[in-house]
Amino acid sequence: MQISDTFLPTDIAISPEKPSKLWMPKRVLFTPDALDEPFGQKILERVNQYNLPVEILKNNRVTGLRGETERETYKLAKSTLAIVNASPSAFRLRPIPPSADYQFHLAEGCPAHCQYCYLAGSLQGPPAIRVFANLPLILNNTQNYKLPNKITSFEASCYTDPLSIEHLTGSLAETIEFFGKQSEKHLRFVTKFDAVDPLLHLEHNGNSRWRTSLNAPSVSRRLEGGTASISARIKALRKLALPRHEGGGNYPIGVVLAPIMPIENWQEEYGVLLDELRHQLDFPVNLTFELITHRFTPGSKQVLTEWYPNTSLEMDEATRAEKRNKFGGTKYVYTKDTMKEMKQFFYGEINKKFPEAEILYWT
Ligand code: SF4
């Protein structure tokens with residue numbers, strides 16, 4: 001019996017699977033430079049298959065994304081897909097500890113509506129979804145980054161959810177196949193979407209770790225608008241990990257539990273989630289966990305409050321511990337005692353339920 005079939009209160013149980021819809025933008029903009037790229041042309045072909053309204057911009061600046069209010073700007077931008085070329089700064093790769101040695105970007109922005117979104121405060125300007133048409137150059141540039149005597153890892157989902165727009169771009173497939181040919185480089189990315197079928201057959205050679213972001217059922221229902229349901233994400237993860245002869249993708253997989261929150265009944269809710277995951281991953285699997293607690297900065301709180309004025313997300317500085325980074329910035333995390341209690345719980349449960357898995361970090 002699945003956990004979702006048992007007699008749990010509805011806010012704790014994982015909801016039965018809802019069919020996920022592919023995201024369709026209301027407008028698709030191409031800059032002239034992006035259209036000159038062969039990969040930009042491929043994106044145009046894909047977009048045309050969906051009969052989406054396409055505009056070719058007069059120059060390489062994407063404008064016209066501002067409404068009269070912040071809320072209008074948010075709505076307008078979040079329904080716009082812009083195909084652009086990444087700027088020269090995208091070719092200077094930065095480290096991204098503890099997730100990977102380097103980060104690079106296939107796109108910036110995401111069509112979902114998570115009320116705690118990590119992009120708030122990291123990306124400037126209206127939150128349109130910008131996809132990079134010069135992807136082949138971006139991928140080749142990763143060849144210039146190699147750490148001595150170790151496999152170098154690259155994170156591709158710091159500024160986007162790459163699966164959320166894959167049907168329109170093909171960028172993730174291109175990237176997985178590129179890394180499939182690299183002997184000492186590994187790719188990592190994370191998603192809250194589930195349209196994995198077209199990517200199961202790719203030649204990844206075990207070089208891509210496909211992670212799914214999961215959360216307590218009630219957190220997901222309340223705060224993760226426009227994403228695939230938790231149940232659909234777990235089923236997609238199962239398909240990704242299953243061996244090829246069983247119709248799966250044979251990918252190494254991971255679970256990113258984020259952002260972990262000490263909501264009411266948090267032990268029960270996260271326990272239900274881990275039980276459902278174990279139930280679906282009932283075969284030998286190459287699995288990692290990353291455990292990330294909720295945090296916010298003054299900047300991200302301001303942006304999120306403008307985007308989601310009625311949010312029920314708790315961002316009360318008074319109940320949090322303040323942490324300063326080496327550049328003088330402040331973030332608000334849970335207090336030491338809460339962190340300790342949660343860490344003990346998650347390490348205990350994961351080690352018990354997934355003895356084969358590796359916990360990469362807790363933060
Ligand atoms: S899926 Fe990730 S990037 Fe997209 S809105 Fe949610 S938190 Fe933000």
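Numbering of ligands and ligand atoms starts at 1, following listing order. Since the structure is predicted, the reported quantities are computational estimates derived from the model, not experimental observations.
Lys192 NZ, 3.5 Å is the protein heavy atom nearest to atom 7 (S) of ligand 1. Summary of contacts: the protein heavy atom closest to atom 6 (Fe) of ligand 1 is Cys114 SG, 2.3 Å. With respect to atom 8 (Fe) of ligand 1, the closest heavy atom belonging to the protein is Cys117 SG, 2.3 Å. Distance from atom 4 (Fe) of ligand 1 to its nearest protein heavy atom, with residue and atom name: Cys110 SG, 2.2 Å.
Asp101 and Thr152 are not linked by any side-chain donor-acceptor pair at a separation below 3.5 angstrom, with hydrogens and angles left out of the test.
Across all their heavy atoms, His105 and Cys158 have their closest contact at CE1-CB, 3.9 Å.
Counting heavy atoms closer than 4.0 Å to ligand 1, residue Leu119 contributes side-chain atoms (C-beta onward) but none from N, CA, C or O.
Less than 4.0 angstrom separates some heavy atom of Tyr118 from each of these atoms of ligand 1: 7 (S).
Among the candidates Leu57, Asp36, Ile43, the single residue satisfying the side-chain contact (heavy atoms from CB on, under 4.5 Å) test with Phe30 is Ile43.
The aromatic ring centroids of Tyr308 and Tyr74 lie less than 6.0 Å from each other. A distance below 6.0 Å separates the ring centres of Phe179 and Phe154.
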